[in-house]
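In this chain, numbering begins with 1 at the start of the sequence shown.
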Amino acid sequence: MNEFKRLCLPVVLLLLVMLSSSLTHAADYDTTNYRKTMIQLLAATFDVARGRQSDLGIYDAIAESGDPLYVAPLIDIAYFARNAAMNRAVINALNALTGEDMGWRGYFEWAGKNNIALPPAYEEFKGQVLAAFVDAEFTRFFAPGILDTAKINLVEPVWGGVTVDGIPSLVNARQISPEDAAAEGHEFEDFCRDSDCSYPAEDELVFGVSLDGDSRAYPLRLLNWHEMFNDVIGHAPMYDAPDGEQVCSFRAPTTFVARGRADNGWIFVEGQSAACPPAGWLQADLIEWENPDAEWGSLPDVGAGAGATENGLAGRVRGRPVMLAYCTLCGAGVLYDVQIADLTYTDRDGEIVKLGDTALEFGSSGLLMRSNKLMYDRNTDTVWNAITGTPAFGPLASSDIALDLLPVVVTDWASWLEKHPDTSVLSLDTGFSRNYTNGAAYSDYFNSTELMFPSWQQDTALVENKDMVFALRLQGEAKAYPLETIIPERVINDRVGQTNLVIVADASPERDFFEPGGAAVRAFQSDAYVFMAGADKSALRSDDGRDWQIAEDALIAEDGERLERIAGHLAYWFGWFGFYPDTLLYGAD
């Protein structure tokens, strides 16, 4: 559907709502017509919410129908029922249909637990409720027909308190050197905490990512506000001259302009990458051009003395597209590979769309499920589960697509910098106006035992809801490792699915407030070896007497043998258990 039609749809239906509302005094209610009845239900609710007189008899008619298919629409309405009379009407109707006497939260959790049936056209109704009370953009996710392919029960997504993209994701945000970051901390004085302008502060937590030799840090104080970054990880050596000395690593996806060339595929570029000079030489086979048809051979041969051109070619070095989905409410930051090969899907108009090899770009849908972030990709408007990496509903829900996990660690800045002196770090200058002071976002929530939104699938028999765990999924088996158990052990030998593995957990420094973290935890394949602590924190020793270095991507033995890193992540226990109730629990009897 084109943009005009999509944005007009909520307006058209609201006109129908208003018309329906004006007729309900004279018309008989026909609760066998689900579409019409749900329009009348929304009409009455919308009128009352806007302070207009309205006949609430539709609630009585639904209650008298005894039809349980109206439970889900009533729950959606109850979320926005702020008027006392309307709230009584909707709760009374829910009581009549369910035989239960609860408030909205109770009915909502009950519906999820019982996987209740939904009426025809429910997806359109849900989109219109969200459009009427919050943001017309929500209708893009609830197109007619998605109910048929949804992988979740659509009663469970709930408004999280923001509009679509009201929590703005970061897209290829600027990375800078640690030295430039330290200067930025004093430049942005509004973000100093207790007169400490360090950026990053030594003890503050960062998401540490190191792929293909490129290391980057994303401080939680920024990601708490954005909950997601889309980036391209990768770099290429930059030289001071063709076949000269390497001066830095030029990082993707920083855009440069090629001004000239030299023999043997050398390109002279101008651009600003972290810790790099403003100009230098790259090798052409490591570059992707903004215009795929660009012919770099047409650039002047500055290596032979020609002058550099002012009208250069735009490009960037090749890298791996990634996305970190950070669910602040469930304490989980999960890193995904977002490159999808030969992506084909059916759009909301029934047309087959072939995108070919595609890097998905993600934003925040404004919806939650079991207090877990639901994100959406901007390529197809499919809504995804952030903690599982699978489509929840929308165009890609009928596919078997699942995002591949990549390794990420939550650690303190000082430890990350010591381990990765060549790291870059996310700039405070994100282009958004937010309070990036340490501890400014979600501090009350992070430091409370209470949940903010409903999550019906819980188990606190052995672990409290907001205790941190390290979570793994391998060969269809899920396992959680409570940090309070594994930190004292530090080195844990275990098996998940068909994989022998070793986990290394190093406690993070204590601070005067909490963010989702507590330890830098990394998992590695262990094959048949059993590991123990090594000579220092950067080493392990195997049971055959060999020493191994703990690198970011692998354990590396003194003779060069490698044991690869396994992707895992931290999470609040309730956030993990909410979608993996069959999870194993390390340390449980």
Side-chain angles (χ1 to χ4, degrees), residues 6-7 79 126-127 129-131 133-143 146 150 152 154 156-173 207 218-231 321-336 338 359-397 403 408 426 430-436 440-442 445-446 451-455 515-516 569 571-572 575 578-579:
R6 182 174 62 77
L7 292 176
Y79 187 75
K126 186 150 191 161
V129 170
L130 291 164
F133 289 100
V134 185
D135 181 6
E137 287 292 313
F138 278 112
T139 58
R140 66 200 289 186
F141 307 135
F142 294 96
I146 69 159
I152 65 171
L154 287 183
E156 286 210 66
V158 63
W159 180 47
V162 296
T163 58
V164 176
D165 283 322
I167 299 175
S169 63
L170 296 176
V171 180
N172 299 339
F207 290 109
Y218 302 82
L220 269 65
R221 68 156 108 169
L222 276 70
L223 268 296
N224 288 337
W225 288 104
H226 297 281
E227 299 192 355
M228 181 178 295
F229 67 72
N230 299 271
D231 209 346
V322 303
M323 179 272 298
L324 183 124
Y326 178 30
C327 173
T328 51
L329 296 182
C330 59
V334 192
L335 187 67
Y336 292 108
V338 294
L360 297 177
E361 181 181 303
F362 285 83
S364 292
S365 72
L367 301 171
L368 301 170
M369 179 179 175
R370 302 176 201 168
S371 205
N372 172 61
K373 184 182 187 69
L374 290 177
M375 56 194 184
Y376 79 100
D377 73 76
R378 293 174 175 142
N379 310 69
T380 73
D381 277 348
T382 298
V383 176
W384 299 65
N385 186 314
I387 207 165
T388 67
T390 55
F393 57 93
L396 298 183
L403 301 177
V408 62
L426 186 60
T430 63
F432 296 95
S433 178
R434 298 292 187 276
N435 179 7
Y436 294 132
Y442 289 101
Y445 176 79
F446 291 151
L451 305 188
M452 191 179 296
F453 287 88
S455 181
E515 285 177 311
H569 60 85
Y572 286 134
F579 292 93

If I take atom OG1 from residue Thr139 and atom CZ from residue Phe141, how far apart are they, to the nearest 0.5 angstrom?
9.0 Å
Between Tyr336 (side chain) and Gly389 (backbone), is there a donor-acceptor pair under 3.5 Å?
yes
Start with the C-alpha distance between Asn435 and Trp225, add both sets of side-chain angles, then the distance that settles side-chain contact (heavy atoms from CB on, under 4.5 Å), and finish with yes or no.
CA-CA 8 Å; Asn435 179 7; Trp225 288 104; 4.1 Å; yes
Mind checking the CZ-CG spacing from Phe432 to Leu222? Nearest 0.5 Å is all I need.
11.0 Å
Is there side-chain contact between Phe446 and Tyr572, with at least one heavy-atom pair below 4.5 Å?
yes
State, with a plain yes or no, whether a side-chain heavy atom of Met323 is found less than 4.5 Å away from one of Leu403.
yes
Do you know the tightest heavy-atom contact between Val322 and Val338?
N-CG2, 3.9 Å
Donor-acceptor under 3.5 Å (Ser365 side chain, Leu374 main chain):
yes
So, the side chain of Tyr442 versus the backbone of Leu329: is there a donor-acceptor pair under 3.5 Å, distance only?
no
How about Trp384 and Phe362: are their ring centres within less than 6.0 Å of each other?
yes
Pair Phe142 and Phe393, ring centroids less than 6.0 Å apart:
yes
Heavy-atom distance under 4.5 Å between the side chains of Lys126 and Pro157, does that happen here?
yes
What is the minimum heavy-atom distance between Ala332 and Ala571, and which atoms define it?
CB-CB, 3.8 Å
Specify the closest pair of heavy atoms between Pro391 and Ala397, including all atoms of both residues, with the distance to one decimal.
CB-CA, 3.8 Å
Side chain of Thr382, backbone of Leu396: donor and acceptor closer than 3.5 Å?
yes
Rounded to the nearest 0.5 Å, how far does SG of Cys327 lie from NE2 of His569?
10.5 Å
Is the shortest heavy-atom distance from the side chain of Glu227 to the side chain of Ser169 under 4.5 Å?
no
side-chain contact (heavy atoms from CB on, under 4.5 Å) involving Asp165 - partner list, sequence neighbours excluded:
Tyr376, Arg378
Which atom of Gly575 lies closest to which atom of Cys330, heavy atoms considered
CA-CB, 3.7 Å
Heavy-atom side-chain contact between Thr328 and Tyr445 under 4.5 Å:
no
Leu324 CG to His226 NE2 distance, which is reported to the nearest 0.5 Å:
13.0 Å
Find out whether Ile146 and Leu154 are in side-chain contact, i.e. whether some heavy atom of one side chain is under 4.5 Å from a heavy atom of the other.
yes
What pairs with Arg434 under salt bridge (Lys or Arg N to Asp or Glu O under 4.0 Å), at least two apart in sequence or on another chain?
none
If we only count heavy atoms from C-beta on, is the Met228 to Ile167 side-chain gap below 4.5 Å?
no
Only counting residues at least two apart or in another chain, list the ones meeting salt bridge (Lys or Arg N to Asp or Glu O under 4.0 Å) with Asp377.
none
If you apply the rule side-chain contact (heavy atoms from CB on, under 4.5 Å), what do you find for Ser364 with Lys373, and how did you get there?
CA-CA 8 Å; Ser364 292; Lys373 184 182 187 69; 2.5 Å; yes
Leu170/Asn230 under side-chain contact (heavy atoms from CB on, under 4.5 Å): CA gap, chis, key distance, verdict
CA-CA 6 Å; Leu170 296 176; Asn230 299 271; over 6 Å; no
If you round to the nearest 0.5 Å, how far is OG1 of Thr388 from CG of Asn372?
7.5 Å
Let me see the working for Leu223 and Leu426 under side-chain contact (heavy atoms from CB on, under 4.5 Å), right down to the final yes or no.
CA-CA 10 Å; Leu223 268 296; Leu426 186 60; 3.9 Å; yes
For the residue pair Phe229 and Tyr218, does the interplanar ring angle fall in the parallel (under 30°), tilted (30 to 60°) or perpendicular (over 60°) class?
parallel
Check whether the side chains of Tyr436 and Thr430 place a donor and an acceptor atom closer than 3.5 Å, and report yes or no.
yes
May I ask you to check whether Phe207 and Tyr326 place their ring centers less than 6.0 Å from one another?
yes
